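Worth knowing before you read on, the calculation uses all heavy atoms, side chains too, and leaves out hydrogens, waters and symmetry mates. Just so it is clear, the model here is predicted, and its values are computed rather than measured. Labels below follow one simple rule: chain letters A, B, ... track the order of the sequence lines, proteins then strands, and each chain is numbered from 1.
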Number of protein chains: 2
Amino acid sequence: MDSTNNTPNMRLNQMLERLKESDFRITPQRYAVLHVLANSPDHPSVESIHAELLDNYPTMSLATVYKTINLLKQEGEILELEFSDLSNRYDGKKPYPHPHVICTKCGKITDPSQLNLEEITNKMMEETGFKIVSHRLDFYGICPNCLE
Amino acid sequence: MDSTNNTPNMRLNQMLERLKESDFRITPQRYAVLHVLANSPDHPSVESIHAELLDNYPTMSLATVYKTINLLKQEGEILELEFSDLSNRYDGKKPYPHPHVICTKCGKITDPSQLNLEEITNKMMEETGFKIVSHRLDFYGICPNCLE
DNA sequence: TTTCGTGCAAAAGCTTTGCATTAGC
DNA sequence: GCTAATGCAAAGCTTTTGCACGAAA
C-alpha cells in the first residue's frame with residue numbers, strides 16, 4: 001500500500017486541496033473528473049473518462065475533460081502516459097513516475113510493484129550531465145487474458 | 001561500440017539487405033531515407049529527415065518519408081519513440097529497445113551506455129503473467145547545454 | 001510490361017482554442 | 001457582481017490514405 005494513496009477518497013481530497021490552494025474553482029464537472037481519476041484502477045483515457053461521466057452529467061463536454069486534465073498535469077497531480085498512435089492514458093492515483101506493463105493487444109495497463117530507479121537515475125546524471133527530473137519505464141507485451 | 005553497428009555503412013547495408021530480402025524495391029528516395037537513419041547521431045523526426053533531404057531530392061514528399069519509416073518499423077529495422085505532444089523520433093542505428101535521456105527543453109535525445117534490463121524484465125513477467133516483448137525506458141531532464 | 005512506389009491533396013484522429021453563455025465564490 | 005469555467009464549434013498538428021502518374025525489375 002502506498003503511503004500517499006491509502007484510499008481513493010484520500011487521493012481525491014489531495015487533488016481537491018491542491019486546486020483550492022491554487023485558487024481554482026471546484027465545479028461539479030471538475031469534481032467528477034477528479035473522482036474518476038482518483039478511483040480508476042486502470043489508466044483511463046480522456047475519452048473513457050468522458051464516456052463514463054456522460055450518464056450523470058449529460059452536458060459534460062470533451063473540452064472540459066481535456067482542460068481539467070491539463071490543469072491537473074500542470075499542478076503535478078496526474079501522470080500522463082503519452083502514445084502517439086492512440087489517445088493518452090492517465091494515472092491519478094500515483095502521479096509520480098513509475099513502471100508500467102502495457103498489453104499491446106488490448107491496451108490494458110497495470111502497475112507492477114515499485115522498482116527503485118533512484119540508483120540508475122543517479123548514474124544517468126553522472127554519465128550524461130543532464131539534470132534528470134523524471135523518467136518513464138514501460139514494458140510492452142501481451143497480458144494473460146489476451147494470451148489465452 | 002555496438003557489435004551490430006560498427007559503422008554507419010554497415011547499418012545502412014543491413015537495412016538495404018532486409019528490404020531486398022522482403023522484395024521491396026530500393027528506390028532513390030528509400031535509399032536516401034535509410035541513409036539518414038543509419039547515419040544520424042541524434043534521433044531524427046520525420047519532419048527533420050524530410051527537410052534534410054529536400055536539398056538533394058527537391059520532389060521528396062513527406063508521405064514517402066512516412067511510408068518508408070512505416071516499412072522499416074514493420075521490418076523491425078528502426079525503433080520508434082512516441083510522443084503525443086510533438087512528432088515521433090526514430091533510432092535507425094539501434095532498432096532494439098534501450099534507454100534514452102531526453103531534454104525536455106530542446107528535445108535532444110541521447111543514448112546512455114547500455115543498462116541490462118533483462119533481469120528486471122523477467123521479474124515483470126513472473127509478477128504480471130504478461131509475455132513481455134519490448135520495453136521503453138526514458139529519463140527526462142535538462143541537458144548540459146540548456147542548463148547553462 | 002506489369003507491378004510497385006511516389007507525390008499530391010484530402011481525410012482522419014486527438015487535442016487545443018476562441019468565444020458567448022453560465023455559474024462559482 | 002466579478003471573474004473564471006463550461007460547452008460548442010472550429011482550428012491545429014501529426015500521420016494516414018486514395019489515386020493517378022511514373023519508375024523499377
Within the supplied structure, the quantity of interest is the number of heavy atoms (other residues, nucleotides, ligands) at a distance under 6.0 Å from A:Q74 CD; does it exceed 12? yes
Do the side chains of B:R89 and B:E47 get close enough for a salt bridge, i.e. N-O under 4.0 angstrom? no
Residues 101-139 of chain A vs ring-ring contact (aromatic ring centres under 6.0 Å, His included), sequence neighbours excluded, gives none
Could you encode protein contacts along nucleotides 19-25 of chain C as a string, one character per nucleotide from 5' to 3', using B for base contact, S for sugar-phosphate-only contact and - for no contact, with a heavy-atom cut-off of under 4.0 Å? ----BBS
What's the CD-P distance between B:Q74 and C:dG5, to the nearest Å? 11 Å
Just how far, in rounded Å, is C1' of C:dC4 from CG of B:L19? 14 Å
How close or far is atom P of D:dA25 from atom CZ of B:R30, stated in whole angstroms? 10 Å
Looking only at side chains, do B:N70 and B:K67 share a donor and an acceptor under 3.5 Å apart? no
Taking only N and O in the side chain of B:N88, is any of them less than 4.0 Å away from OP1 or OP2 of D:dT14? no
For B:I69 versus B:I78, what's the shortest heavy-atom pair and its separation? O-CD1, 3.5 Å
Using only side-chain N and O atoms of B:Y66, determine if any of them is under 4.0 Å from OP1 or OP2 of D:dT16. no
Distance in angstrom units between A:F83 CZ and D:dT15 P, rounded: 16 Å
State whether A:R136 and A:D138 are salt-bridged, where the test is any N-O pair (Lys NZ or Arg NE/NH1/NH2 against Asp/Glu carboxylate O) under 4.0 Å. yes
One would report the end-axis bend of the helix from C:dT1-D:dA25 to C:dC25-D:dG1, five pairs per end and rounded to 10 degrees, as 30°
Between D:dT15 atom C1' and B:I69 atom CD1, what is the distance in whole Å? 12 Å
Under 4.0 Å between a side-chain nitrogen and a carboxylate oxygen: does that hold for B:E126 and B:K123? no
Rounded to whole Å, how long is the line connecting atom CG of A:D85 with atom C1' of C:dA12? 14 Å
Does the side chain of A:E127 pick up a donor-acceptor pair with the side chain of B:S113 at under 3.5 Å? yes
Can a donor-acceptor pair be found, under 3.5 Å and without considering hydrogens, that links the side chain of A:S40 to the backbone of A:L37? no
Could you list the donor-acceptor pairs under 3.5 angstrom formed by side chains in residues 100-112 of chain B, with sequence neighbours left out?
unit_1: B:H100; atom_1: ND1; unit_2: B:H98; atom_2: O; d: 3.0
unit_1: B:H100; atom_1: NE2; unit_2: B:H98; atom_2: NE2; d: 3.0
unit_1: B:T104; atom_1: OG1; unit_2: B:G141; atom_2: O; d: 3.4
unit_1: B:D111; atom_1: OD1; unit_2: B:H43; atom_2: NE2; d: 3.0
unit_1: B:D111; atom_1: OD2; unit_2: B:H98; atom_2: NE2; d: 2.9

Which residues in residues 42-63 of chain A have a heavy atom closer than 4.0 Å to any atom of DNA chain D? A:T59, A:M60, A:S61, A:A63
CG of A:L34 versus P of D:dA5: gap in Å, rounded? 13 Å
Side-chain N or O of B:N70 less than 4.0 angstrom from OP1 or OP2 on D:dT16? yes
Separation of D:dT15 C1' from B:L71 CG (nearest whole Å): 16 Å
If a pair satisfies ring-ring contact (aromatic ring centres under 6.0 Å, His included) and one of its residues is in residues 52-91 of chain B, list it, with sequence neighbours excluded. none
